[in-house]
4 protein chains.
Amino acid sequence: MPRSQKQYKEIRKQKKQLILDSALELFAENGFHSTSMSKVAQKAGVSKGLAYNYFESKQDILDEIIKTGFDSIYSNFDLNHDGILTREEFEHFIRNSFKAIGKNRKFWKLYSAIIMQSDIAESMMEKYGDRSQIIMQMLNQFIKTMGSKDPEGDLMVISSLVKGSLLVVISAPEFFPLKQLEDKVTEACFRLITTK
Amino acid sequence: MPRSQKQYKEIRKQKKQLILDSALELFAENGFHSTSMSKVAQKAGVSKGLAYNYFESKQDILDEIIKTGFDSIYSNFDLNHDGILTREEFEHFIRNSFKAIGKNRKFWKLYSAIIMQSDIAESMMEKYGDRSQIIMQMLNQFIKTMGSKDPEGDLMVISSLVKGSLLVVISAPEFFPLKQLEDKVTEACFRLITTK
Amino acid sequence: MPRSQKQYKEIRKQKKQLILDSALELFAENGFHSTSMSKVAQKAGVSKGLAYNYFESKQDILDEIIKTGFDSIYSNFDLNHDGILTREEFEHFIRNSFKAIGKNRKFWKLYSAIIMQSDIAESMMEKYGDRSQIIMQMLNQFIKTMGSKDPEGDLMVISSLVKGSLLVVISAPEFFPLKQLEDKVTEACFRLITTK
Amino acid sequence: MPRSQKQYKEIRKQKKQLILDSALELFAENGFHSTSMSKVAQKAGVSKGLAYNYFESKQDILDEIIKTGFDSIYSNFDLNHDGILTREEFEHFIRNSFKAIGKNRKFWKLYSAIIMQSDIAESMMEKYGDRSQIIMQMLNQFIKTMGSKDPEGDLMVISSLVKGSLLVVISAPEFFPLKQLEDKVTEACFRLITTK
DNA sequence: AATGAATGAGACTTCATTCAT
DNA sequence: TATGAATGAAGTCTCATTCAT
């Protein structure tokens, strides 16, 4: 008597997640290229063969990790999905980005390593470039609303600040405490946008 | 007629630099792991064997590239080496960092990819961590001088902003024009430090 | 109400044939080595496990396919099984060989691919060699009866012609129409045997 | 002091041939798919890595073997390359085909196994199909010249006979002696073409 | 009888590194 | 100093086969 369809599905789901988690940990720790499938499988406690039963390739694992992360970044953006960013939504986005890192630093470490690697970055741009641009436009609109005299310039500064701060939080948490930086950056953003 | 000792040395130096340049280009273009020694040697127009005559290993080439870059970053810092940062030196440091990227974007692309990878970052911290900390202390001192009420916090914000802006300039120069961002960031730094 | 012994047997037989048919199709299409058991099972609409319930191994499936085909070749030979070949039986054999190909070209494609591979051919020789030799002797006898002055030589030519024609019909049916070649080859056989 | 350009070329040429020979032997003996690169390298007495220094892939080795063989087949065809086949050229072609087999039976065994395997055959058709068709046209023309009343039909029979006889010589040389069959087939061809 | 998750050996391939010349 | 043939370990991936359910 074979297992039921449902049982199989549940098994698959759990094992797949197990492999994803192991891969994330190792990729973040040692880098994508320096992590072999053997190690991933070993950490997950499964055979190499099984890993390939769940994923088409090593790259496929990475893609899935990245996709999940990417989706989660922007789920906190433009919360009511009306295409317009309010002051609250903007602040919420910044603060939530910091919180997201607090929750899953491993992932964000991997993520930032990945987007820096040119051999991998290109394919990501193709996939997620559009979404990214829409967000920049919304931010631009928002900054104008806030009364900026140089929206484009301010947008560049703000996004640099946010990216930079997330980066340092990720890579050197001992020197850049999460909560403190969150407050300072949020405040700085508003200070920079607002016309004197 | 054999060449003089000096000539030989000069030739060696040039060949070595040739290999370093080729490696940098390829590493930046395709990533460290995706670049084979064969390609490096080929691009440099030398044999694989000769490349190993100049460098102990592939990793050794990378180390040398990184070391050179690291040194150049801080050569623009605290120009008169008195351990105290003046307003002019601070601004000079920021502006020069942008200019450095303009001059050799290939290197900085590689550099930022490298420091994100934890396996490499650690060994770098060991080597360069001290210097890095001294600089942070100097910046801290400087910010205090400028009248900041929360020097530590402001330092975090400033360094986030600078790192972030350099990063976006490196990875997306088409969206973040170098000169414009340089001006905006310099100005923003002073605005953020200065008490309202 | 449980099914009867007989019904079970019937179901088993059908499932087995289903797997054989799927395997034949895939083996012929993509080659034995390039066809995985997964694909065979999938095409048959059964699980891999079940396929192994019916066959000991992948090789076992191939063996069974080949055996079936081999048996069918010679069922059209020496129809009344008296060990002597008449003119009619001879012609019938040739014509039927062509017709067999028309009926199941997939199989014959696979079959000819298989017998060309020496690793497989050997084990087949062991199994079927005897039968094959008997047939050659009967043909030899027949050719003598027809008045050939060089029975051995003529036998070689005839069997080369028949094998070759079947082969081209199998592998390039668009250039070698079945029916036309059947007529020409039958006629040629008799012309070659008959003394001028 | 490195070896001279010439010396390297010579080494490469010899080693490459060594690998080709080993591969041919094993492919012919055990089939392409059943022969691993490890075995090929081992038989050639080199490392696996070196084999890949000389050939891009296992398939590449096969391609090279096949190409060589294919070229040699038709070098005996239409000797003066005027596009027209004389009686002597025709006979020469048939006789030489037999002789070619005598000289390198291993290759021809592999060759006939290969062209039967559908997964490999297709790519060959693409490469060599054109040449093959030109030859058939020349043969057709030749048969007409010889006074055949059904050139197309006779062409089919002749080419079946030749292919078939080569095949049996290759696969069962103990039953089909080369020289004897060569004579018989040559004679039969002319007998079949010539109108009674 | 039936399922498909799981294994593990082994395939192809790459590449940093060595070394005879 | 300079070459590139040669190695071998390690990596990605496939698949026949087993087995708990």
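We name chains A, B, ... by the order of the sequence lines, and we start the count at 1 in each one.
The interatomic distance linking B:H33 (NE2) with F:dA10 (C1') rounds to 14 Å, in whole Å.
Contact check of residues 53-69 of chain D against DNA chain F (heavy atom, cut-off under 4.0 Å) returns D:N53, D:Y54. A heavy-atom distance below 4.0 Å to DNA chain E is reached by none of the residues of residues 10-24 of chain D.
Looking at residues two or more places apart in sequence or on another chain, you find a salt bridge (charged side-chain N to carboxylate O under 4.0 Å, His left out) between A:D71 and A:K67, A:R131. Remark: A:Q42 engages no residue in a side-chain hydrogen bond (donor to acceptor under 3.5 Å, both in side chains) (not counting sequence neighbours). Contacts of A:Y128 classified as ring-ring contact (aromatic ring centres under 6.0 Å, His included), with partners at least two apart in sequence or in another chain: A:F70. B:K39 meets the side-chain hydrogen bond (donor to acceptor under 3.5 Å, both in side chains) test with no other residue; sequence neighbours excluded. In terms of the side-chain hydrogen bond (donor to acceptor under 3.5 Å, both in side chains) criterion, residue partners of A:K106 (sequence neighbours excluded) are, by chain and number, A:E25. D:N104 is linked by a side-chain hydrogen bond (donor to acceptor under 3.5 Å, both in side chains) to nothing, counting only residues two or more places apart in sequence or in another chain.
Identified under the salt bridge (Lys or Arg N to Asp or Glu O under 4.0 Å) test for residues 42-64 of chain A, with sequence neighbours left out: A:K16-A:E64, A:D63-A:K127. Pairs of residues two or more places apart, or lying in two chains, never qualify as ring-ring contact (aromatic ring centres under 6.0 Å, His included) while including a residue from residues 39-61 of chain A.
In 5' to 3' order, the nucleotides of DNA chain E bounding all contacts with chain A (an atom under 4.0 Å from a heavy atom) are E:dA1 to E:dG10.
In the helix from E:dA2-F:dT21 to E:dT21-F:dA2, the terminal helix axes, each the rotation mapping four pairs' C1' atoms onto the next four within five end pairs, subtend 10°, rounded to 10°.
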